[in-house]
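Start at 1 with the first residue, then count along the sequence. For ligands, and for the atoms within them, numbers begin at 1 and follow the listed sequence.
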Amino acid sequence: MSDKIALSTWPTPLEPLPRLAAALGLGEDDLWIKRDDLIGLGGGGNKVRKLEWIVGAALADGADTLVTTGAAQSNHARLTAAAGARLGLDVVLVFPGTPDSATDGSGNLVLDSLFGARIFWAGDGVPSALAGVADDVCRRLCRDGARPYPIPFGGSSPLGARGYVDGGEELLAQLPDMDHVVVALGSGGTMAGLIGAVGERRVLGVHCGAVADPAATVADLAGALTGRSIGADSLRIRTDQVGAGYAVLHEPVLEAMQLAATTEGIVLDPVYTGRAMAGLIAAVRDGDIRSGRRTVFLHTGGLPGLFGHTAAVRRTVGALHSYSAG
Ligand SMILES: *Cc1c(COP(=O)(O)O)cnc(C)c1O
């Protein structure tokens with residue numbers, strides 16, 4: 001039946017956010033955080049739940065090498081590297097750019113290397129061509145006698161999305177009267193899986209600019225996952241936090257990061273979880289999320305990405321608070 005393998009210890013904690021709730025004008029019981037950033041493999045994050053299914057299928061297939069794609073600061077690539085290390089599989093990561101792109105390497109790239117993954121630099125073409133390059137890499141690996149297993153961008157196949165059917169069911173067991181779960185929408189598998197567990201009405205996705213058509217992407221994945229037709233227009237998706245694009249620091253996101261950090265000691269990243277929190281704050285302001293309702297913020301990880309984001313690092317260090325005595 002299922003070839004799912006365990007890559008962490010479950011469930012992840014669910015914690016209240018009373019000081020952040022108060023800062024937003026919500027009741028102190030209204031706001032919760034699901035700590036998938038604390039998943040115990042490779043620095044944690046949402047991709048581990050997907051990889052439990054995907055790598056399970058790879059092992060069942062007799063694969064010995066995992067191949068995936070992403071941006072150089074991909075959290076998914078880092079966690080694929082960690083899963084490979086944990087299971088004794090080789091890992092090849094296909095990134096856009098050239099080896100020079102790594103000279104100021106930091107954040108996730110440091111961890112990719114530490115986990116022993118090899119990187120294939122695909123050159124400066126369009127990111128959408130990466131899947132084709134990954135196919136070429138798989139053919140070459142086969143010629144060299146390896147048994148590669150390709151994993152799509154973000155681990156967002158219907159199989160990978162099953163990891164968030166699991167995550168959504170885990171959350172419902174922890175907070176049965178949950179009204180909203182707010183999540184960053186990247187490659188779409190996390191939101192699709194949550195919909196599979198809790199239905200489309202309770203999931204609010206915040207688009208991060210990683211895909212061209214977020215509603216169609218999530219609707220297709222959720223439809224394939226659940227076997228029922230899910231209309232793109234039935235999904236709750238905010239597109240107001242993309243700003244100038246996926247990799248570009250968006251001002252409300254920096255403010256959301258500062259608010260979560262100073263009220264709760266929670267670290268968000270500038271690409272995904274900071275956008276999700278900025279979207280949650282905007283939803284409170286425009287009345288989509290009201291007090292008296294139970295709202296869960298899904299923390300999907302991404303901390304290493306903060307250190308790989310030059311603009312976010314500069315702005316944060318630039319705001320260092322100094323204290324001078326006397
Ligand atoms: C990949 C990622 C997301 C988005 O998840 P998708 O399933 O790709 O939509 C959110 N947060 C972090 C930190 C991620 O790495």
Chemist: Donor-acceptor check, side chain of D3 to backbone of G56, threshold 3.5 angstrom: yes or no?
Modeler: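 Looks like no, no N/O pair under 3.5 Å.
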
Chemist: Go ahead and list the nitrogen or oxygen contacts between ligand 1 and the protein that come in under 3.5 Å, distances to 0.1 Å, or just say none.
Modeler:
from	atom 1	to	atom 2	distance (Å)
ligand 1	5 (O)	N46	ND2	3.0
ligand 1	5 (O)	T190	OG1	3.4
ligand 1	7 (O)	K50	NZ	2.6
ligand 1	7 (O)	G189	N	3.4
ligand 1	7 (O)	T190	N	2.9
ligand 1	7 (O)	T190	OG1	2.6
ligand 1	8 (O)	S187	N	2.8
ligand 1	8 (O)	S187	OG	2.5
ligand 1	9 (O)	G186	N	2.8
ligand 1	9 (O)	S187	N	3.1
ligand 1	9 (O)	G188	N	2.8
ligand 1	11 (N)	T300	OG1	2.6
ligand 1	15 (O)	K47	NZ	2.9
ligand 1	15 (O)	N75	ND2	2.9

Chemist: If only side-chain N and O atoms count, and only distance matters, is there a donor-acceptor pair under 3.5 Å linking W10 with D166?
Modeler: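 Their side chains do not contain a donor-acceptor pair, so the 3.5 Å distance test is not met.
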
Chemist: Can a donor-acceptor pair be found, under 3.5 Å and without considering hydrogens, that links the side chain of E200 to the backbone of S234?
Modeler: no

Chemist: Determine the sole option in T190, T300, T273 for which the side chain to side chain donor-acceptor pair (under 3.5 Å) test with N46 is passed.
Modeler: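 Option passing the side chain to side chain donor-acceptor pair (under 3.5 Å) with N46: T190.
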
Chemist: Which pair of heavy atoms, one from G168 and one from L194, lies closest together, and at what distance?
Modeler: CA-CD2, 3.8 Å

Chemist: Side chains of D213 and T217: any donor to acceptor distance under 3.5 Å?
Modeler: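 Judged by distance alone, the side chains do not pair up.
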
